Amino acid sequence: VSPAYSLVSKDFGKLSFLMKLLTPGLVFVEDATLFADALRANVPESTEIAATRGEVSGRRMTALADLLATPEHTGLDAAHNAIGPDTIAKFLLTSGSTGNPKAVVNTQRMICANQVMLRETLAFLKDEPPVIIDWLPWNHTFGGNHNIGLTLYNGGSMYLDEGKPTPAGIGQTIRNLREISPTVYFNVPKGYESLLPYFRDDAALRKKFFSKLHAMFFSGAALSPYVWNGLDELSVQETGMRVPMLTGLGATETSPFFMSVTPETSRSGHVGLPVLGNDAKLVPNNGKMEVRARGPNVTPGYWRQPELTAKAFDEEGFYKFGDALKPAMADDFDAGFDFDGRISEDFKLGSGTWVSVGPLRARFVATCAPLVRDVVIAGINRDELSALVILDLDGCRVVNPALSAESLAAAAADPIIRQAFRERLAKFKAGATGSSTRITRAILLDTPLSIDRGEVTDKGSVNQRAVLEHRAEVIEGIYATPPSDNVIVSG
């Protein structure tokens, strides 16, 4: 379970829901003192709590050291031998970006099949055991299935990176990368954004990072061309060739590997083709092609939520991603597919014109680099589009090094940042092809998105609909005549 539900959340709403859904017999925390408030509020007296260290006043604790010292149960071999393909290995929780998290059943078949798919697709894994240094959390499918499984299945080594792609955490990641040269490196786009300036400024770090690297891989969101091109330039500078940056399309429900690019086709927005063992189906939906998946790596459903399971699959047993794809080449499906947004995010303007939010967001973030981390597009039933902008504080400090405070409010009000953004907004507007791609007004959000209100997930994914719902007053200010003083209007 994501630590954010205990340490960031103020009301423990999602944690409380998950405890009732999962009804665990034992709850483990690394530091009981750190998690004490969450434990007291959500763990029944009858449920055992185990911890590496710390305590919760008034509650009996089991030390992890005592558990590890317990002799093996006599029935352990029989239990192990009873495991089959359909045995549940774990539950992985969805991010909860559209409501409460769902507990995705992960079977042995799913996890094992997906590792075969990975090994056949990333064929360099067969040549030498991978060396991985990784911060990605194990409560997510990227870190907990994809990367842990890849290390185990291919006899590799995993070094645990205690850093994170945040101003406070990136220093630890840098220290780790000074010691370990990965053969394949996994991260989310924000991680690569945070690393790029360090790679540019530190020749020794750059040499260590690229010395054994066969490929980089990202998932979770679109990687800005600004960052992608920068990494390509550095890899060529250091090695004489471009180290492939790979990605694809997957979900917790697909273990997660489902579609993958190749080194030759890899580019921003491209997700490639289904990997060996998967079937993909494309279904027309409001002028787009919705993608659906079927294969041995696809979940049988959600734990104790049969109504949600029924909605997630079609009549042929294909899992409904909710994502849209379009062919990279209209007359050649073998050339692979580009991501075309999430079906649920698209909406109509007052004129009846459909707005394809996913591609629009990607172009906006790329044009506004490095200032913008993400954007929420507004304009449902309006005459024109507007943007609620989530600033990237690291990128803002690239534009204005004097901006030292860890404050969105300071960045949003800074004249240099506002002018730099105004120039980028004008450039974006000039490239518009019609009302569905023309953003005329924007506001730089000066308060963080809320995990409790569902505006952002624990891994940083933005829930467009939740932001629009909870920031209705902000949107009214954008469209007011005249607009609010903090609104930036493109002339």
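These numbers come from the heavy atoms of this one structure, side chains and all, not from hydrogens, waters or symmetry mates. None of these values were measured; they are calculated from a predicted model.
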For a side chain to side chain contact (heavy atoms under 4.5 Å, CB included) with Leu388, tell me which candidate from Val462, Val375, Val376 qualifies.
Val376

Nearest heavy-atom approach of Leu273 to Asp334 is CD1-O, 3.4 Å

Evaluate side-chain contact (heavy atoms from CB on, under 4.5 Å) for Ile417 paired with Leu371, printing each intermediate quantity in order.
CA-CA 8 Å; Ile417 298 301; Leu371 297 174; 4.1 Å; yes

Identify the two heavy atoms, one from Ser436 and one from Trp354, that lie closest to each other, and give their separation to 0.1 Å.
CB-O, 3.4 Å

Here the pair of heavy atoms bringing Cys396 nearest to Ala411 is SG-CB, 4.4 Å

Check Thr107 against Pro85 and note the closest heavy-atom contact, atom names and distance.
CB-O, 3.6 Å

Verdict with reasoning, Thr440 to Glu384, per side chain to side chain donor-acceptor pair (under 3.5 Å)
CA-CA 7 Å; Thr440 59; Glu384 56 189 22; 3.2 Å; yes

Residues Ala280 and Phe318: closest non-hydrogen pair is C-CE2, 4.2 Å

What about the rings of Phe199 and Phe209, do their centers lie closer together than 6.0 Å?
yes

Lys281 backbone acceptor or donor facing Arg292 side chain under 3.5 Å:
no

Between Glu30 and Arg53, does a salt bridge (charged side-chain N to carboxylate O under 4.0 Å, His left out) hold up when you go through it step by step?
CA-CA 6 Å; Glu30 184 176 18; Arg53 58 183 180 273; 3.8 Å; yes

Listing request: all ring pair (Phe, Tyr, Trp, His ring centres under 6.0 Å) pairs with a residue in residues 245-267, at least two apart in sequence or in separate chains.
His146-Phe257, Phe258-Phe321

Taking every non-hydrogen atom, the tightest pair across Ala387 and Ile478:
O-CD1, 4.3 Å

Whether the side chain of Arg465 engages the backbone of Ser344 through a donor-acceptor N/O pair (distance < 3.5 Å, no angle test) should be reported.
yes

